[in-house]
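Below: one structure, written as structure tokens.
Read the numbers this way: they start at 1 and go in the same order the structure lists the ligands and their atoms.
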Amino acid sequence: GSTPVTVIGLGAMGQALAEAFLNAGHPTTVWNRTAARAEPLVAKGAVRAETVAEAVTAAPLIVVCVLDYAAVHGLLDPVADELSGRALVNLTNGTAQEARTTAEWAAELGAEYVDGGIMAIPPTIGTPASAILYSGSQQAFDTHSTVLDLLGTSKFLGTDAGLAALHDLALLGAMYGMFAGAFTAMAMVGTEKVAAADFTDELLVPWLNSMVAVLPLLAAEADSGEEVSEERKLVERVALTNIIDTAKAQGVAANLVNPIQAIKDNT
Ligand code: NDP
């Protein structure tokens, strides 16, 4: 039969994870601090555990997805003795250091720890648009990869438990950087009463898409370790200065673009 799975944490994401396991026919036990959030899943066949201890002992594979690591430890420290011999897959967003510390904690308890970073939103869990990054116990990942593949495309990055968080946060940083630039752009044209939606559809999205296509070239340059030419540095400096000056003159705070200049000056 299929592996029993436990899901601890039934926020927007935890519910989507549990649903993917249920849809594939896995016996699924769920627990959430606010018990009522388990109800839609129970209606779909999940078993609601009364306690965290009951949830942990219900399956060899435990998936945790709560707000932060403080919440993870608040829930699991009291039931640490029950974790021995189980695979703990923590999909809670945290720092690489938190992941490494939690991996050490789990190892001392005799648990197999896998840390994960979800590169998806709840509605895309279980679809090709979902990718999940993993690192930590290779053994646990290999044992449970078929189950984990139900959530999205699984990518195992290595046995250093911090690698998934490192990659996840790097990707999130890139996303926020793009959003920061986009919001600045909308605000700039907005000063001349250009609707953000029109600007975004007609110009911003096509422009950013074409620029995304340049990234592999820039990455190859970064890998080569070759210095960017002085000419190009100068051209970029002029452009960045013009962006900042024009934004300021239009009454828009350009502090979202300023750091790019600082990063470029440092590299
Ligand atoms: P929600 O706010 O929807 O849910 C938070 C969950 O954490 C709830 O189950 C909540 O329980 C629980 N929780 C919070 N604090 C505690 C605590 N002290 N003790 C026990 N349980 C606690 O968040 P999401 O489900 O969206 O996010 C969960 C994780 O998934 C986060 O780390 C997030 O970064 C990550 N993630 C989310 C994505 C998304 O698009 N939503 C995308 C990628 C990653 P209760 O119901 O009782 O409040």
Yes or no: does Ala120 have any heavy atom under 4.0 Å from an atom of ligand 1? yes

Shortest non-hydrogen pair, Leu157 vs Ala164, comes out as CD1-CA, 4.0 Å

Under the salt bridge (Lys or Arg N to Asp or Glu O under 4.0 Å) rule, what do Lys44 and Glu19 come out as? Steps first, then yes or no, please. CA-CA 8 Å; Lys44 288 177 183 159; Glu19 208 173 320; 3.1 Å; yes

Candidates Ile8, Thr92, Val66, Leu91; heavy atom nearest atom 31 (C) of ligand 1 found on Val66

Sequence neighbours excluded, the answer for ring-ring contact (aromatic ring centres under 6.0 Å, His included) partners of Phe156 is Phe141

Protein heavy atom under 4.0 Å of atom 23 (O) of ligand 1: no

Nearest non-hydrogen protein atom to atom 9 (O) of ligand 1, with distance, is Asn32 OD1, 2.7 Å

Using a 3.5 Å cut-off on N or O atoms only, is Gly9 in polar contact with ligand 1? no

#### Entry: Side-chain donor/acceptor of His26 to backbone N/O of Phe21, under 3.5 Å
no

message = Does ligand 1 come near enough to Arg37 that some N or O of the ligand is less than 3.5 Å from an N or O of the residue?
response = yes

Q) Could Glu98 and Arg100 be called an ion pair, given the rule that one side-chain N must be under 4.0 Å from one carboxylate O? A) no

Among non-hydrogen protein atoms, atom 27 (O) of ligand 1 lies closest to Met13 CB, 4.2 Å

Quiz question: by atom type and distance under 3.5 Å, do the side chains of Ser135 and Asp115 form a donor-acceptor pair? no

If we number the atoms of ligand 1 from 1 as shown, the ones under 4.0 Å from a heavy atom of Pro122 are 39 (C), 40 (O), 41 (N)

Quick one: does any side-chain atom of Arg86 pair with a main-chain N or O of Ala59 as donor and acceptor, under 3.5 Å?
yes

Honestly, for Thr34 the part within reach of ligand 1 (heavy atoms, under 4.0 Å) is both

(request) Could you tell me whether the side chains of Thr102 and His73 share a donor-acceptor contact shorter than 3.5 Å? (result) yes

Give yes if a backbone or side-chain nitrogen or oxygen of Ala71 is under 3.5 Å from a nitrogen or oxygen of ligand 1, and no if not. no

Excluding Val47, membership of its hydrophobic cluster (Ile, Leu, Val, Met, Phe, Trp, Tyr; side-chain heavy atoms within less than 4.5 Å) reads none

Counting from 1 in the order shown, the ligand 1 atoms closer than 4.0 Å to a non-hydrogen atom of Leu75 are 20 (C)

Within 4.0 Å of some non-hydrogen atom of Ile121, the atoms of ligand 1 are 40 (O)

Query - Within-cut-off N or O pair, Asn93 and ligand 1, under 3.5 Å - result: yes

Q: Look at the side chain of Ser130 and the backbone N and O of Leu151, then say whether any donor-acceptor pair between them is shorter than 3.5 Å.
A: yes

Polar side-chain atom of Thr184 near backbone of Ala182 as donor-acceptor pair, under 3.5 Å: no

**Study point:** Heavy atom of protein inside 4.0 Å of atom 2 (O) of ligand 1, strictly below
**Key:** no

#### Entry: ligand 1 N/O within reach of Ile118 N/O, cut-off under 3.5 Å
no

Practice problem: Answer yes when Lys233 and Glu227 have at least one side-chain N-carboxylate O distance shorter than 4.0 Å, and no when they do not. | Solution: yes

Can you tell me if Cys65 has a non-hydrogen atom under 4.0 Å from ligand 1? yes

The option among Arg33, Met119, His73, Gln15 carrying the non-hydrogen atom nearest to atom 10 (C) of ligand 1 is Arg33

Atom 4 (O) of ligand 1 has as its nearest protein heavy atom Gly11 CA, 3.3 Å

Near Leu10 (heavy-atom distance under 4.0 Å), the atoms of ligand 1 are 9 (O)

When distances are taken from atom 7 (O) of ligand 1, the protein heavy atom at minimum range is Leu67 N, 3.2 Å

